[in-house]
Amino acid sequence: MSRSLMVSASGIRGIVGRGLTPAIVARYGAAFAAHVAAGRPGRGVVLIGRDSRVSGPALLDAASAGVRAVGFDVHDLGIVSTPTGLLAVGGDEDAAGGLLVTASHNPAEWNGLKLVSREGRFVSPAAGRDIQRRFEGEIAYAGPMEIGTRTAREGAIAAHVAAILALPLLDPARIAARGFHVALDCVRGAGGLILPPLLERLGCRVSGLDLEADGRFTRPPEPVPENLGRLSELVTATGADVGFAVDPDVDRLALVDESGRPVGEDWTLALAVELVAAREPGPVVTNLSSSRSVQDAAERVGAPFHRTPVAEANVVARMLEVDASIGGEGNGGVIYPGLHLTRDAPLAAALILQFLAESGSSLGRLIDERSSYRIVKRKVSREGLGVDEALASIAAAAGPESGRDLQDGIRLDWPDGSWVHARPSGTEPVFRIMAEAADETLANARADWVERLVRGAG
């Protein structure tokens, strides 16, 4: 296996033609099918789908071939968001699991596979290890008369929209009464196929940017503030009430307020937490890299709060363990068990509009009325970097006044409320550094200090 292929709880990712090839994707498809076959009587079907990346059709064909070669039938969802795909798998009693060809927020030259259990969740770490073992070992392929079929399956996007609109938590008529004007940036990913019809059903007027689902990204696909300049300009030029930006597979939602200010992805989860946990009491779960604003939101409504290692699978596992009312990750990923257990940007957009409709306020005012922090996010290439040495160096340099959490890399928390989290990424060949404080100067100082220690371990 290529060393440049990233294998993690988020699935597999690589640069197409280098770390990731059709042959590798086909074998992963076969390994996934073999894993599924070992855990259930009969075969059933495997649902497959993809985001809009240019490499997607070829790799979807490869994944389908691998699954069919083990004897499973394939139902092809076409271009769908990741949450649409997971909802379709979880709602199909015949589905044995699912495969989604996507690299989420990674640059255009990347692609990958997300592996979905028959419950409509990403596979567990133990299942992931079994699939990897089968990929590296022997796979029992079907005989010539047992090869599976492939058929198109329509309607997954419409079903996803209908499921969101039917949630008791939402009042579509109340949202529609506000007549929101939404500026929408879908980065030419799968979001252009689901967000416009959802927003229109909620009575919104949409000014769109890159709604074509052709995978020819016009900005870096990660919806972080520095990549949202054109959306900010669209908000101010059109007088929109709010700006929404998503990544190519539509599991992350970032917000721009009415003045054109990108407010950061963490506020998507923080506002969703405040809305949901106030109505459905229960614990809130997020990861170690999420902003303190999410914890503040949980405390504001009296909800118990838990942190986990980064990766959706880890958050979902803890949500199930504590029977959480809501959870997610500070990258704009909202997980609401009332719909399903995965990050869902269309759902998050509806929740934000519900919050705005109920508050009668603007997004900018809501943010300014709440505790404000400055979060800094850095990446350091892992080439030539000693990860264990870097983490040990940070731990050794940390003073006794900083609390530490070693669940995932290292997180340090200081009495002044500032914190830093350093960890190797599972989706890119980088070392991630997150720091947050009440002011940007301190946040940058914390991040600078850790970055020097990390680079010194090279």
Side-chain angles (χ1 to χ4, degrees), residues 9-11 47-53 56 75 77-92 95 97-105 112-123 153 155-167 169-170 184 186-187 189-199 201-202 213 221-223 244-254 265 268-269 272 276 285 311-313 315-316 319-320 324 326-353 427:
S10 299
L47 274 58
I48 62 172
R50 66 178 181 91
D51 69 19
S52 67
R53 290 168 191 265
H75 287 184
L77 302 173
I79 299 177
V80 292
S81 74
T82 288
T84 301
L86 270 70
L87 189 68
V89 173
D92 186 338
L99 290 174
L100 297 172
V101 177
T102 177
S104 192
H105 64 274
L113 279 179
K114 289 187 174 183
L115 316 175
V116 185
S117 73
R118 62 185 174 187
E119 294 83 13
R121 303 194 293 268
F122 292 124
V123 299
R153 173 174 164 178
I157 293 173
H160 189 184
V161 170
I164 292 172
L165 295 173
L167 291 171
L169 189 69
L170 294 177
L184 176 64
C186 291
V187 72
L193 301 179
I194 184 169
L195 280 163
L198 172 64
L199 294 173
R201 292 280 299 277
L202 290 169
E222 191 169 13
F244 290 154
V246 294
D247 59 341
D249 77 327
V250 210
D251 58 4
R252 296 169 57 169
L253 178 75
E265 314 113 293
T268 306
L269 179 58
V276 172
V285 180
E312 180 175 325
V315 174
V316 168
M319 289 178 69
L320 289 168
I326 188 170
E329 299 193 281
N331 56 17
V334 174
I335 305 172
Y336 174 53
L339 181 63
H340 57 169
L341 285 164
T342 191
R343 295 176 301 175
D344 190 320
L347 164 71
L351 293 177
I352 295 301
L353 292 173
T427 59

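What you see below is based on every heavy atom in this structure, not just the backbone, and it leaves out hydrogens, waters and symmetry mates. Bear in mind that the values here come from a model prediction, so they are computed numbers and not experimental data. The first residue of the sequence shown is numbered 1, and numbering continues consecutively from there.
The CD1 atom of Ile164 sits 8.0 Å away from atom CG of Leu170, with the distance rounded to the nearest 0.5 Å. Taken to the nearest 0.5 Å, the CZ atom of Arg121 stands 10.5 Å off from the CE atom of Met319. Expressed to the nearest 0.5 Å, how far NE2 of His105 lies from CG of Asn331 amounts to 8.0 Å.
Between Leu169 and Leu351, the closest side-chain pair of non-hydrogen atoms falls below 4.5 Å. With a 4.5 Å cut-off on side-chain heavy atoms, Thr342 and Asp251 do not count as touching. Two residues are said to be in side-chain contact when any heavy atoms from C-beta on lie closer than 4.5 Å; Val276 and Tyr336 meet this criterion. For the pair Pro83 and Leu347, the minimum side-chain heavy-atom distance is 4.5 Å or more.
Residues passing the side chain to side chain contact (heavy atoms under 4.5 Å, CB included) test with Leu193, sequence neighbours excluded: Ile79, Ile157, Ala213. Residues meeting the side chain to side chain contact (heavy atoms under 4.5 Å, CB included) test with Leu165, sequence neighbours left out: Val161, Pro172, Leu198, Arg201, Leu202. Under the rule for a side chain to side chain donor-acceptor pair (under 3.5 Å), the partners of Asp344 that lie at least two apart in sequence or sit in another chain are His160, His340. Annotation: side chain to side chain contact (heavy atoms under 4.5 Å, CB included) contacts of Val89 (sequence neighbours excluded): Leu47, Ala95, Val116. For Ser81, the side chain to side chain donor-acceptor pair (under 3.5 Å) criterion is met by Thr84, not counting sequence neighbours. Qualifying salt bridge (charged side-chain N to carboxylate O under 4.0 Å, His left out) partners for Arg53, counting only residues two or more places apart in sequence or in other chains: Asp51.
Smallest separation of non-hydrogen atoms from Ala254 and Pro223: CB-O, 3.2 Å. The minimum heavy-atom distance between Glu265 and Gly332, with the atom names listed, is CB-N, 3.4 Å. Between Pro346 and Leu195, the shortest heavy-atom distance links the atoms CA-CD2, 3.9 Å. Here the shortest heavy-atom pairing between Pro248 and Ser104 reads CD-O, 3.2 Å. Gly327 and Leu269 get closest at one heavy-atom pair: O-CD1, 3.5 Å. Among all heavy-atom pairs drawn from Ala324 and Val285, the shortest one is CB-CG2, 4.0 Å.
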Evaluation steps, side-chain contact (heavy atoms from CB on, under 4.5 Å), between Ile48 and Val101: CA-CA 8 Å; Ile48 62 172; Val101 177; over 6 Å; no

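Of the candidates Leu87, Leu100, Asp247, Val250, Leu100 is the only one forming a side chain to side chain contact (heavy atoms under 4.5 Å, CB included) with Thr82. Each of Leu86, Leu115, Val316 was compared with Phe122 under the side chain to side chain contact (heavy atoms under 4.5 Å, CB included) criterion, and only Leu86 meets it.
With hydrogens and angles disregarded, a donor-acceptor distance shorter than 3.5 Å links the side chain of Thr268 to the backbone of Leu253.
Listed by first and then second residue, the salt bridge (Lys or Arg N to Asp or Glu O under 4.0 Å) pairs that reach into residues 326-338 are Glu329-Arg343, sequence neighbours excluded.
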